[in-house]
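So that the names make sense, note that chain A is the first sequence line, chain B the second, and so on, each numbered from 1.
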Protein chains: 2
Amino acid sequence: MAYEPRHMKWWGWGDPNVTFHSEAHPGFWPYAKAQLGIEGDAPRTPPAPLESVQLPDAAIHSRFLAEMKSALRADQICDSREERVVHAYGKGFRDLFRMRRGSAEGAPDLVLYPEGEDDVVLILRAAARHDVMIIPFGGGSNISGCLERMENRRMAASLDMRRMRRVLAVDAESFTARVEAGAFGPDLEEQLAAHGMTLGHFPDSFLHSTLGGWIATRSAGMQSDKYGKIEDMVISLRMVTPDGVLATRTVPKSANGIDVNHICIGSEGTLGVITEATMRVHPCPEQRIVPAYLFPDFAGGIAAMHECTRRECVPSMVRLNDPDKTALSIAFKPPSSRLSQAVSNAFKGYLRAKGFDLPRACLALTAFEGPKTNVARQLREVSAIYRKFGGVSLGSGSGKSFEATKYDFPHIRDFLLDHDVTADVSETSTVWANILPLYHATMNAIRSRVAESGVESWAGCHISHTYCSGASVYFTFGFRQQAGHEMEQYLCVKRAAQQAFIDNGATLSHHHAVGTEHLPWLSADISPLGVKAVAALKRGLDPANIMNPGRLQPSAEPFEDWYRITSHLNPETRVKVAHSGPSER
Amino acid sequence: MAYEPRHMKWWGWGDPNVTFHSEAHPGFWPYAKAQLGIEGDAPRTPPAPLESVQLPDAAIHSRFLAEMKSALRADQICDSREERVVHAYGKGFRDLFRMRRGSAEGAPDLVLYPEGEDDVVLILRAAARHDVMIIPFGGGSNISGCLERMENRRMAASLDMRRMRRVLAVDAESFTARVEAGAFGPDLEEQLAAHGMTLGHFPDSFLHSTLGGWIATRSAGMQSDKYGKIEDMVISLRMVTPDGVLATRTVPKSANGIDVNHICIGSEGTLGVITEATMRVHPCPEQRIVPAYLFPDFAGGIAAMHECTRRECVPSMVRLNDPDKTALSIAFKPPSSRLSQAVSNAFKGYLRAKGFDLPRACLALTAFEGPKTNVARQLREVSAIYRKFGGVSLGSGSGKSFEATKYDFPHIRDFLLDHDVTADVSETSTVWANILPLYHATMNAIRSRVAESGVESWAGCHISHTYCSGASVYFTFGFRQQAGHEMEQYLCVKRAAQQAFIDNGATLSHHHAVGTEHLPWLSADISPLGVKAVAALKRGLDPANIMNPGRLQPSAEPFEDWYRITSHLNPETRVKVAHSGPSER
């Protein structure tokens, strides 16, 4: 194949050639330092060089390898240090922290690159025969711990899907596209654009994630209000299991019993490998605009978003920041000219005159796209609703800056990790009536846990992805690392955030999947019988448990296991487990 | 409980006090007779009286009964002839034909009326212990064979849910309602209306079906274009399995692995009993209008519906009839005044002048509901689109007549069966590009199979339930019965229609479920691996196979089994099985 999407940095986010330059965002680091109580030059800990990464010896099952060699081309089978390290983890905090410290114990023994469904079928058959674990790998962007091997008893092969990335067919009349699962966001959109179509799925990870990964994890894109979550877009799919191919029909809707599409969607690689899907697509929008607004406070912004759903007038995207996230967004802006600064100062005066208390103000980026007449009408109707809740238009400047940098945010984490600052996210969804209680409870949980470790915290929140009944609520947090206790400190905060979700009627994740990171809360989320149902599917379709073992099946000691993943880095966590209350078990 | 929804006629559709009066629709029977080649007074075969219905002796498991008697009140346990007969079947052609002939071999041995989830839990536990089959029963309106017992080896109890019919809670801020599964349509809407809310689910069976039944079968209401199919409305649910309760959380969306809501939705009673669900609800619409339109032909009407989805301007309902269904609708109209007849004649002249060839014209009932401003805008936009495709407005007269009689259609079948005319339906969905090919293939299959039996047929079609990618396609057919071969004749036609769906890229049913009637096509529809996945769930959650056995699990000889259900009524079908082509096996 001529073109093949590149792997991300093995130790961080994004293309190896792309680095986060804090000079391009001169306000950011001073803001972060002030928030986190960092004075002067912070210590810097760069990632360990690739050569020094601790990599377990590859345990190769020779008969499996021989079968692979006879069935595949040599360039489809990789066992180099770099390939194994790149496929060791996703991009969660635990993943990056271990990687930067040179620890790749999650690495597979081998990496395989199938180039068609037949390859996948024969790999899975051979794997089942020889008891080799298979870990499907899309872009490697997952941050919930979906990708590392969870046991060392058996050989593990990473199945990298990036060579299966073609749009196989577009039905321009029915608005459907049949796409191979390894297609990355930009590549997929480019192929669809040639037919005048778009999938409309733009997650933050868009540049570095694949269709199959989105489906296996129940991803949501930035414009899900218009286009739906990925599970709403799947019309039919094909999933290779160790026992053959599960395939559904390309029909809009059915009453054919239990919807087996939904058995594959969200299966996180535990039942099989999704090889292709026929997706609902849309004509490329005639128009797209991204105006920004400022609300006097978070509650007002939430009420305005809610009113849009009530009035059946929902923009394709609303991203409402709380005051802290608003401050971060402003700090993150590229440097402005003296003229625009003058305008900005005049505008601040105007806002104060309108009764705004600026530190409480909340930024709402709002996108409209579709036929021109619809965009114009929606803009008019939504602006009127926003005004009712005190919203003030900022014009399209912030929107343009958001559009230009919308995929850059994950790079910040690498910059912060360089400076010994831990940063991560936890997100969930809840019903409208519960958004503010959940928000306060979770912010409080995060901040108090960070404070317990003796450092200052920054935490912010944004609301995105609205529904008739509620919305997703997305938390971002950061704090200075406690040297020698970095992992323990992180786990303490992460656990508090997730526990706040479950204790306050929200779900373990709205679009980041379960993986290992959220597994201890699965049983509380879908009930023990729900876990049993998922286990029944696993037993039926993958009786040898070769598909991504360790996911979706919490053990009897889920928190013990949760700490154990990185226990060599945080030996004190046993104590924490013993101290956890009954509600957390 | 003070009020309890009544059972339908044991031998037909609807409330026992409601009869179809052909005098109220004076054009209908002459139209039908002309179409079906019936001259003079047709023979009449009334249903057998209840006393003469052949009912197998009840096989009662005494220890199970003793446990029920100690746990439930006496009026929750019924074994009368009438109760057993009422619960013997749903309302498909096979069901009604057998019932009218006095054959109730599908009847349960006992009927139980739980009044809360605890009752359901203890009934299922006892049933699992004593190997008693449980058949969940909502309104009994299913026409796909979901309700009769499929084996006689074990005792069977029908679990009638109608006493669990409360709206337990309404969250008017988040637009959610927690509802017991036994709530019937009118009762549910009445309880929601007290909160200013509506579920927006109005299937043809609305008066006689329940929330739990809708969810277990993946029902669709008339206004699904606005409100979605029932599976789109479920936010969380509770399902009692023989091993305990599966319960999900009331959150708008999640990424918590495989969506276990979708394991319960469409499970057709095979895994457990849905006891309640939290549903997405909507404020009662400010306005509702149902204008009717006439298109020059079916293709033009379909193109107009399609254009509405492309332009993101979809009415809450469009029901587009083909020419035959249009003629039936006109024949079904209540008698009109001389004045309105004069108007009608003048209008026919106008249509001819506009180039309409009236026998090819197609009626499209279109509903708009929601905030007044939205209704006005949508009406304007849709009317403009319709005009582009030759659509002419008929005003609101036909719409009003549709609104008044929309739940009456199923009564016609009883009237026809009285007159020895077989009538039934088959419905499916397919992508836009395939609607017309599927339509022609299926109409051809139905008509030619009827012709083979030596009689004339009437067959019509309507399109409802549109999606971005396609629509549902709904066929209705009728023909004179071949005396002594009625069942065989019916099965021949039904099989041809269903096979046409599968051979032409459509699904076995869009909203009527699999049951026994569509089971032979399940494997072709969801693939053998899909069937295996469903079987794995069954094994895991109901290892004793007590929950509605015989559904969702095709045997090695699905067509043999399909004929066998009513083989005592059609001894010649063995020959037909032997003659069926390989594509049908």
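For a residue to count as touching a neighbouring chain, one of its non-hydrogen atoms must lie under 4.5 Å from one of that chain's; by this rule A:N261 does not touch chain B. Heavy atoms of A:A220 lying under 4.5 Å from chain B are absent altogether. Heavy-atom distances place the side chain of A:T241, and not its backbone, under 4.5 Å from chain B. Heavy atoms of A:I263 lying under 4.5 Å from chain B belong to its backbone as well as its side chain. Both the backbone and the side chain of A:N256 come within contact range of chain B, each with at least one heavy atom under 4.5 Å from a heavy atom of that chain. Of the atoms belonging to A:I435, not a single heavy atom falls under 4.5 Å from chain B. Contact of A:E427 with chain B is not made at all, since no heavy-atom distance falls under 4.5 Å. Looking at B:D171, the atoms closer than 4.5 Å to chain A (heavy atoms on both sides) all sit in the side chain, from C-beta outward. For A:V245, the part sitting under 4.5 Å from any heavy atom of chain B is the backbone (N, CA, C, O) and nothing else. Proximity to chain B is limited to the backbone of A:A172, based on heavy atoms less than 4.5 angstrom apart. B:A471 touches chain A through its backbone: at least one of N, CA, C or O sits under 4.5 Å from a heavy atom, while the side chain does not. Neither the backbone nor the side chain of B:L519 has a heavy atom closer than 4.5 Å to any heavy atom of chain A. For A:H282, the part sitting under 4.5 Å from any heavy atom of chain B is the side chain, from C-beta outward, and nothing else. Contact annotation for A:K253: both backbone and side-chain heavy atoms come within less than 4.5 Å of a heavy atom of chain B. If you measure heavy-atom distances from A:V251 to chain B, the contacts under 4.5 Å come from both the backbone and the side chain. In this structure, chain A has heavy atoms under 4.5 Å from both the backbone and the side chain of B:H510. Contacts between A:I502 and chain B at a heavy-atom distance below 4.5 Å involve backbone atoms as well as side-chain atoms.
Heavy-atom pairs under 4.5 Å with chain B peak, among A:H512, A:R551, A:K226, A:H465, at A:K226. Heavy-atom pairs under 4.5 Å with chain A peak, among B:E381, B:H518, B:R311, at B:R311. With chain B as the partner, the residue from A:G244, A:G515, A:A506 showing the most heavy-atom pairs under 4.5 Å is A:A506. The candidate from B:L537, B:T176, B:I265 with the greatest count of non-hydrogen atom pairs under 4.5 Å with chain A is B:L537. Per-residue counts of heavy-atom pairs under 4.5 Å with chain A were compared for B:R377, B:E312, B:R539, B:R280; the largest is that of B:R377. Of all the listed residues (A:T430, A:D525, A:V260), the one sharing the greatest number of non-hydrogen pairs under 4.5 Å with chain B is A:D525. In terms of heavy-atom pairs under 4.5 Å with chain A, the best-connected choice from B:S174, B:A536, B:A247, B:A524 is B:S174. Residue with the most contacts toward chain A among B:G266, B:G370, B:G540, B:A216: B:G266 (heavy-atom pairs, distance under 4.5 Å). Your options are B:T248, B:V281, B:D243, and the one with the most heavy-atom pairs under 4.5 Å with chain A is B:D243. Between chain B and the residues A:G470, A:G530, A:G257, the largest count of heavy-atom pairs under 4.5 Å involves A:G257.
Atom-to-atom distance recorded for A:D259:CG and B:S267:OG is 12.0 Å, nearest 0.5 angstrom. Distance SG/A:C468 to OH/B:Y227: 10.0 Å, rounded to 0.5 Å. One finds the OG atom of B:S254 at 11.0 Å from the NE2 atom of A:H511 (value rounded to the nearest 0.5 Å). Atom CG of residue B:L541 and atom NZ of residue A:K532 lie 6.5 Å apart, to the nearest 0.5 angstrom. If you take OG1 on B:T309 and CZ on A:F175, they are separated by 6.5 Å, rounding to the nearest 0.5 Å.
B:S469 and A:P252 make their closest contact through OG-CB, 3.7 Å (heavy atoms, listed as atom of the first residue, atom of the second, distance). Contact between B:H262 and A:I258 at its shortest, heavy atoms only, is O-CG2, 3.5 Å. Of all the heavy atoms in B:A255 and A:T217, the pair that sits closest is CB-O, 3.5 Å.
In this structure, the side chain of A:R249 does not engage the main chain of B:I526 through any donor-acceptor pair within 3.5 Å.
Salt bridge annotation for A:R310-B:E173: absent, with no cationic side-chain nitrogen under 4.0 angstrom from a carboxylate oxygen.
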>> Evaluate A:R238 against B:L529 for side chain to side chain contact (heavy atoms under 4.5 Å, CB included), listing each step before the verdict.
In response: CA-CA 10 Å; A:R238 296 178 66 86; B:L529 257 289; over 6 Å; no

